[in-house]
Amino acid sequence: MMVNEKMVTVRFFGKLADLHGAQLLLDAKGKTIQQLLMELNVEGVYMLAVNGTLVPSNATLEDGDELAIMPPVGGG
Amino acid sequence: MMVNEKMVTVRFFGKLADLHGAQLLLDAKGKTIQQLLMELNVEGVYMLAVNGTLVPSNATLEDGDELAIMPPVGGG
Amino acid sequence: MEKAILTKEELELPVLEDHAMGSFIVFQGKVRSHSQNGEVEAIEYSAYEELALSQLEKIIREVEEKYRVTVYAAHRIGRLTVGETALVVATLSPHRQEGFLATMEVIDRIKNEVPIWKKEILTDGRAVWL
Amino acid sequence: MEKAILTKEELELPVLEDHAMGSFIVFQGKVRSHSQNGEVEAIEYSAYEELALSQLEKIIREVEEKYRVTVYAAHRIGRLTVGETALVVATLSPHRQEGFLATMEVIDRIKNEVPIWKKEILTDGRAVWL
């Protein structure tokens, strides 16, 4: 799937990937992550990152961003 | 040194060995360990054992016993 | 020597040497044969690798500073069968007290801050996110 | 496998395997290059061997019962130079929490109950009982 810089890549992890799919391409420019999460009806979010860096849910998304939506983590 | 069953073998450890010698042979039958320690003017005793088993200082010595007199321990 | 490692390969035990250090502690977290869900066959570890590695490096850096110790941590991802080692944390320190505190803190923080997830594969075929 | 060891030989790291156990912790206590007395060349460990071994076995037995873990402890005696390992304590347990508690308790009890003594040999030739 050609990454369109006009779009935001949304990646889900853990059990959220089972529920929402591993990866989506959306037009979410200018939206906050909170808005997007509500639109996508995503629950059980533990951590968020944009382009590999942790961000709060009120961060605003830009074209070309990669948003990672993560459920509670549990390594070890 | 032939071990005479009539005697008590007294072994010192750690810095007490430097002060009192590593091993003595004494006639201490019927004495308590406390008495012997006073007679030998031994201080800084942390643990006592007779024939390889820990004993309190009021234990009485018998012929052929091996008494171990130990300063504070510190392995590891 | 790399001190924060995320790999699909079998984990190796680090050899940390420093003659000023009196305590060397190594923790290994292994896949257990049983859990509250039943008999386990394997665990599939997945990670958001980019962030997982930077979080691991951050945790090591902060714990090293806090306790003035040297820390190594390696997490394995992919499918691990029972008995295999998923996590190694090693700590070199002057004395054992700060060594144990640092090791325990690193493990706790990894489990709370590093984006890694476990899916338990049970012998009866079920797969359960932990 | 012998779980309480007192030896003049170089200590080996035990390999304890049990698929029901999720945590394997190994502590190594090493001879440090410096102490409050100055620069260290070596430490001479002496022991009342007979009692030392029975105390070590007793500590292992009691800690294993208390935490329901498996413990291995080996202490080296004789002259050890800087960087050499004097004590190894390893603990296999279902979870890390009791593993760390048991390991720390075994080390503390060894230092307080096992008749072993250390004479520090300093680089300037002094010898100091610790």
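Per chain, numbering begins at 1; letters A, B, ... match sequence-line order. Quick caveat: nothing in here was measured; it's all calculated off a predicted structure.
The part of D/Leu87 that comes within reach of chain B is its side chain, from C-beta onward, which places non-hydrogen atoms under 4.5 angstrom from that chain. Using a 4.5 Å cut-off between heavy atoms, B/Pro72 contacts chain D through its backbone alone, with no side-chain atom that close. When heavy atoms are compared at a cutoff of 4.5 Å, D/Ala73 does not approach chain B at all.
The closest donor-acceptor contact from the side chain of B/Lys15 to the backbone of D/Lys119 lies at 3.5 Å or more, if one exists at all. With hydrogens and angles ignored, the 3.5 Å screen pairs no side-chain donor or acceptor of D/Trp117 with any backbone N or O of B/Met70. Between the B/Tyr46 side chain and the D/Pro115 main chain, no donor and acceptor come within less than 3.5 Å of each other. A donor-acceptor pair under 3.5 Å is formed between the side chain of D/Lys111 and the backbone N or O of B/Gly75.
Between B/Val73 and D/Glu113, the closest heavy-atom pair is CG2-N, 4.0 Å. In terms of heavy-atom proximity, B/Gly52 sits nearest to D/Leu51 at O-CD1, 3.4 Å.
Of all the listed residues (D/Val114, D/Ile110, D/Leu130), the one sharing the greatest number of non-hydrogen pairs under 4.5 Å with chain B is D/Val114.
The 12-atom threshold is exceeded at CD of B/Glu39, counting heavy atoms of other residues, nucleotides or ligands nearer than 6.0 Å.
Residue pairs meeting the ring-ring contact (aromatic ring centres under 6.0 Å, His included) criterion with at least one partner in residues 38-75 of chain D, sequence neighbours excluded, are B/Phe13-D/Tyr48, D/Tyr45-D/His75.
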